[in-house]
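Below is one structure, written out as structure tokens; the observations come after it.
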Protein chains: 2
Amino acid sequence: MNDSPAPNLDRIFAALADSTRRAILLKLTDGDEGVMDLAAPFDMSQPAISRHIKVLETAGLVTRYRQGTHRLCRLAPDTLGQIEPWLDMIADRYRRKYNRLDAVLETMKPSQKGDN
Amino acid sequence: MNDSPAPNLDRIFAALADSTRRAILLKLTDGDEGVMDLAAPFDMSQPAISRHIKVLETAGLVTRYRQGTHRLCRLAPDTLGQIEPWLDMIADRYRRKYNRLDAVLETMKPSQKGDN
DNA sequence: ATCATTCATAACAATATTGTTATATAAGGA
DNA sequence: TCCTTATATAACAATATTGTTATGAATGAT
């Protein structure tokens, strides 16, 4: 029914796994920009940037709208927030397992266990 | 000088961009596990899991140690924390730019600007 | 209408990723 | 030593990613 409703973590993380795309997101925190302006700092062709932006858009990290002859890109910050619940879950579970004093010994490598 | 000191964001994000690898990390929050145990829930060959683990290890998300015939995997939680500064920077800059009341109009699309 | 600018898309090559099967290696036990 | 279990690695195929150049389409200006 819904074809591309929830940009999933796979796509979000994959989109972030590229320094060019992260730099684009960073630049967009200063305000919306068109493709040519975003491409300027990079030693890369315009189509390449165009596709990087499409990756960001598909991941839901960027939205676009037309302004005259330009298609401005805008950061979609909520999508970035989608990864926090996952990070928090991992961190919470880790803390619950390991950050209890009585669990410290259990977390030590067997080789260390006897080293006292 | 230091050859692989800072597993960079590229590798970390890329490692996280796969549900199998995220599931492995999640499982490791319950405690260290060997490759076979980690592989069990997945409909995937042992070598495949072995390489997923290597991706996680290369990204610095997992460390390993030998226990008898097993090589146990352990979550390296600090590495996950490395992505937070980047996320925070983006979020902070975004807020600074957009979350001021007097900037709201500026952030609206031109088409919306006149809609009042 | 014509032209310049902005951007997208197609076609292609190079490389990376991911999975498989077959096989090697390493440690422990009989 | 020989066997078993746990894991890594090699070789390979399928697919995905990323970049390039060439070209198409949309918009605004003259």
Side-chain angles (χ1 to χ4, degrees), chain A residues 4 7-25 27-28 31-74 109-111 113-114, chain B residues 4 7-25 27-28 31-74 109-111:
Chain A
S4 70
N8 54 35
L9 290 178
D10 277 32
R11 270 193 285 267
I12 296 173
F13 279 128
L16 295 177
D18 181 286
S19 61
T20 300
R21 290 194 288 261
R22 288 198 305 278
I24 288 173
L25 292 180
K27 193 161 197 188
L28 289 179
D32 304 356
E33 276 202 70
V35 176
M36 295 310 276
D37 289 334
L38 287 171
F42 303 103
D43 184 22
M44 205 179 291
S45 65
Q46 168 263 313
I49 299 294
S50 220
R51 277 208 317 206
H52 277 304
I53 293 173
K54 173 165 279 185
V55 171
L56 291 169
E57 193 181 20
T58 299
L61 291 165
V62 156
T63 60
R64 307 164 90 167
Y65 58 96
R66 189 173 276 287
Q67 186 181 59
T69 173
H70 294 242
R71 289 192 67 197
L72 297 192
C73 301
R74 165 171 302 193
K109 298 180 188 178
S111 68
K113 268 190 180 167
Chain B
S4 70
N8 55 34
L9 290 178
D10 277 33
R11 271 193 284 267
I12 296 174
F13 279 127
L16 296 177
D18 181 287
S19 61
T20 299
R21 290 194 288 261
R22 288 197 306 277
I24 288 173
L25 291 180
K27 194 160 198 187
L28 289 179
D32 303 356
E33 276 201 69
V35 176
M36 295 309 276
D37 290 335
L38 287 171
F42 302 103
D43 184 21
M44 205 179 291
S45 65
Q46 168 263 315
I49 299 294
S50 219
R51 277 207 319 204
H52 276 304
I53 293 174
K54 173 165 280 184
V55 171
L56 292 168
E57 194 180 20
T58 301
L61 291 165
V62 156
T63 61
R64 308 165 90 167
Y65 59 95
R66 190 172 275 288
Q67 187 181 54
T69 174
H70 293 243
R71 288 192 67 198
L72 297 192
C73 301
R74 164 171 302 193
K109 298 180 187 177
S111 67

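Within every chain, numbering begins at 1; the chains are lettered A, B, ... in the order of the sequence lines, protein sequences first and strands thereafter.
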State which residues pass salt bridge (charged side-chain N to carboxylate O under 4.0 Å, His left out) with D37(B); sequence neighbours excluded, sorted by chain then number.
->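 Scan of D37(B) (salt bridge (charged side-chain N to carboxylate O under 4.0 Å, His left out), adjacent residues dropped) gives none.
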Residues in side-chain contact (heavy atoms from CB on, under 4.5 Å) with A17(B), at least two apart?
->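 Listed in chain order: F13(A), A14(A).
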With sequence neighbours left out, what residues match A48(A) under side-chain contact (heavy atoms from CB on, under 4.5 Å)?
->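 For A48(A), the residues satisfying side-chain contact (heavy atoms from CB on, under 4.5 Å) (neighbours in sequence not counted) are M44(A), S45(A).
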Nearest 0.5 Å please: distance from the [atom1] atom of [X] over to the [atom2] atom of [Y].
X	Y	atom1	atom2	result
S19(B)	N8(A)	OG	CG	8.5 Å
L38(A)	I53(A)	CG	CD1	5.0 Å
C73(B)	L25(B)	SG	CG	10.0 Å

Starting from the C-alpha separation in whole Å, work towards a yes-or-no answer on side-chain contact (heavy atoms from CB on, under 4.5 Å) for L9(A) and L16(B).
-> CA-CA 8 Å; L9(A) 290 178; L16(B) 296 177; over 6 Å; no
Answer yes or no: is there a side-chain heavy-atom contact under 4.5 Å between V55(B) and L61(B)?
->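 Of all side-chain heavy-atom pairs linking L61(B) with V55(B), none is under 4.5 Å.
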Scan nucleotides 2-6 of chain C against the protein and return all N/O pairs shorter than 3.5 Å with their distances rounded to 0.1 Å.
unit_1: dT6(C); atom_1: O4'; unit_2: T69(A); atom_2: OG1; d: 3.2

Given dA10(C), dC7(C), dT18(D), which nucleotide is nearest the side-chain atoms of H52(A)?
->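 So the nucleotide nearest the side chain must be dT18(D).
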Between A59(B) and I12(B), which heavy-atom pair has the shortest distance, and what is it?
->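 So the two residues come closest at O-CG1, 3.7 Å.
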Can you see which heavy atom on F42(A) is nearest to which on I24(A), and at what distance?
->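 Nearest heavy atoms, F42(A) then I24(A): CE1-CG1, 4.0 Å.
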Taking only side-chain N and O atoms of [X], does any of them lie within less than 4.0 angstrom of OP1 or OP2 on [N]?
X	N	result
R66(B)	dA8(D)	no
R51(B)	dA10(D)	no
K54(A)	dT9(C)	yes

Under the side chain to side chain donor-acceptor pair (under 3.5 Å) rule, collect the residues that match up with Q46(A), sequence neighbours excluded.
->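 Here no residue qualifies.
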Starting from [atom2] on [N], measure out to [atom1] on [X] and report it in whole angstrom.
X	N	atom1	atom2	value
I49(B)	dT7(D)	CD1	P	12 Å
Q67(B)	dT7(D)	CD	C1'	15 Å
Y65(A)	dC7(C)	OH	P	12 Å
D18(A)	dT18(D)	CG	C1'	9 Å
L56(A)	dA8(C)	CG	P	12 Å

Protein-nucleotides 14-17 of chain C N/O pairs closer than 3.5 Å?
none

Under the side-chain contact (heavy atoms from CB on, under 4.5 Å) criterion, do L28(B) and R74(B) qualify, and how do the steps go?
-> CA-CA 6 Å; L28(B) 289 179; R74(B) 164 171 302 193; over 6 Å; no
Among pairs that include at least one residue of residues 38-59 of chain B, which meet salt bridge (Lys or Arg N to Asp or Glu O under 4.0 Å), considering only residues two or more places apart or in two chains?
->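 Every salt bridge (Lys or Arg N to Asp or Glu O under 4.0 Å) pair that includes a residue of residues 38-59 of chain B, provided the two are not neighbours, is E57(B)-R64(B).
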Pairs involving residues 16-25 of chain B, ordered by first then second residue, that meet salt bridge (Lys or Arg N to Asp or Glu O under 4.0 Å) (sequence neighbours left out) =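 Qualifying pairs, neighbours excluded: D10(A)-R22(B).
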Specify the residues of residues 37-46 of chain B, ordered by number, for which at least one heavy atom lies under 4.0 angstrom from an atom of DNA chain D.
->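 By residue number: Q46(B).
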If we fit an axis to the first five pairs and another to the last five of the helix from dA1(C)-dT30(D) to dA30(C)-dT1(D), what angle do they make, to the nearest 10°?
->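 The angle separating the two end axes equals 10°.
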